[in-house]
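In what follows, a structure is listed as structure tokens, so that the remarks can point back to it.
Proteins get letters first, then strands, A, B, ... in listed order; numbering begins at 1 in each.
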Amino acid sequence: MTILYFAWVRQQLGRGEETIDLPAGVKTIGDLANHLRQRGGAFGEAFSDRKRIRAAVNQEHVPWDAAVHAEDEVAFFPPVTGG
Amino acid sequence: MTILYFAWVRQQLGRGEETIDLPAGVKTIGDLANHLRQRGGAFGEAFSDRKRIRAAVNQEHVPWDAAVHAEDEVAFFPPVTGG
Amino acid sequence: MNTIRIQTDDFDVNAEIAKLKTSGDVGAVVTFTGAVRRDADIQSMTLEHYAGMTEREIARHMTEACSRWPIAGATVIHRIGKLAPGENIVLVAVASSHRQMAFAAAEFLMDYLKARAPFWKLEERNAASRWVEARNVDDDGLSRWRED
Amino acid sequence: MNTIRIQTDDFDVNAEIAKLKTSGDVGAVVTFTGAVRRDADIQSMTLEHYAGMTEREIARHMTEACSRWPIAGATVIHRIGKLAPGENIVLVAVASSHRQMAFAAAEFLMDYLKARAPFWKLEERNAASRWVEARNVDDDGLSRWRED
């Protein structure tokens, strides 16, 4: 799966994109966020407070219990501030 | 007093403006409309149906019972259609 | 900074937005452009107004808009004379720090212009001409802004 | 005729209005222009977006606007990259036969853009930079359009 990061999440993690295999036991976007948090370091910090982060799967806003699959494009970012 | 006419009222009366002395007994804009209707001809027709006409005194929309005075600028016109 | 102009010439929306953007802490400019509709039968539309009363009335309602919403500036330009289908008739532009105020004030000014400003339209179609009748719906547009 | 563009360049409001006026029986065009506010401290604002998702999401909400109101056409242009105070950020323009529809659809699209479109703003002030926090008021702007 492809994971994209935007805004301060991207800056804090030092990367805008990565490609990983779907980790074992990850069924929802919330599971994926936990998996990334467990990497520790910048990931541990970035994913420590879920209220500060939003997620999209295949370019659609989703809640934390949304399903993820091996071929998905997933994104993590702060609440949007367009316009 | 100066009386101004606009749009179809002006066209029907064949004039856009006239100056008259305040007629005896005319105290309101409604009295003035009656006075003008009594001229007959185009005036009789134009002022026959008050629902089709609006009035202003000194450049402000007014109801038919508004007072008029000798030095006023009075106007008669159809409901407005701006914008 | 408020501007009111009654003119025969067309207006330049870019230029009016640029002027409004210099009048304070402007984050939002809303514009309304009204044009002669391209009705198949209409050859032209001639606009007449009550010079003096028009400017007074528009100014009065701009003052009211400024008292209702914290707007940085407003512009109303209304054309008069003979206009072809597709040509601009009216521009209302409002600048504000925030978008909701700009939208509300622009819509208020347009509702007012439609319902109260002393303009009249003569439609020329098929070699005949006809004064456009006021529509009650425009009074309704205005009534929602009344506080009583 | 709907247009969506994400670009670094500025936009030309006159040109966008002119394009919309050719798309059917257009009597009204409402535009919203959002600009970087001239806050004394802000040197610049850098806009980042999620390419692909942005266009999809805006297109989806344009389709929704078209289903709610009989609009002839809509345009959304959003700039990205580094912008100075006073520079334009976003244009929303909606053409319709009648003004109420044009105002409502333009405001709906702006509320949506503020609350849901994947853009982020980095403010540079006093040699420091800070990501602009989302304001809950923007979610509230959107909520009034929900039917349930």
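- C/Ala102 does not touch chain D: none of its heavy atoms, backbone or side chain, sits under 4.5 Å away.
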Checking side chain to side chain contact (heavy atoms under 4.5 Å, CB included) for the pair C/His98/D/Arg37: CA distance, chi angles, key distance, verdict? CA-CA 10 Å; C/His98 291 97; D/Arg37 289 169 63 175; 3.1 Å; yes
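- Ring orientation note: the planes of D/Phe103 and C/Phe103 are nearly perpendicular, at an angle over 60° on the 30°/60° scale.
- By the 4.5 Å heavy-atom criterion applied to side chains, C/Asp12 and D/Asn14 are counted as neighbours.
- For D/Ala35 against C/Lys21, the heavy-atom pair with the smallest separation is CB-CE, 3.8 Å.
- When the candidates C/Glu107, C/Arg38, C/Met110 are compared by the number of heavy-atom contacts under 4.5 Å with chain D, C/Glu107 comes out ahead.
- At a threshold of 4.5 Å between non-hydrogen side-chain atoms, the residues C/Asp111 and D/Arg99 count as touching.
- Contact annotation for D/Ala95: neither backbone nor side-chain heavy atoms come within less than 4.5 Å of a heavy atom of chain C.
- If you measure heavy-atom distances from D/Glu87 to chain C, the contacts under 4.5 Å come from the backbone alone.
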Given the rule in the side chain to side chain contact (heavy atoms under 4.5 Å, CB included) test, do C/Val30 and D/Thr31 qualify, once you have shown the distances and angles that lead to the verdict? CA-CA 6 Å; C/Val30 169; D/Thr31 73; over 6 Å; no
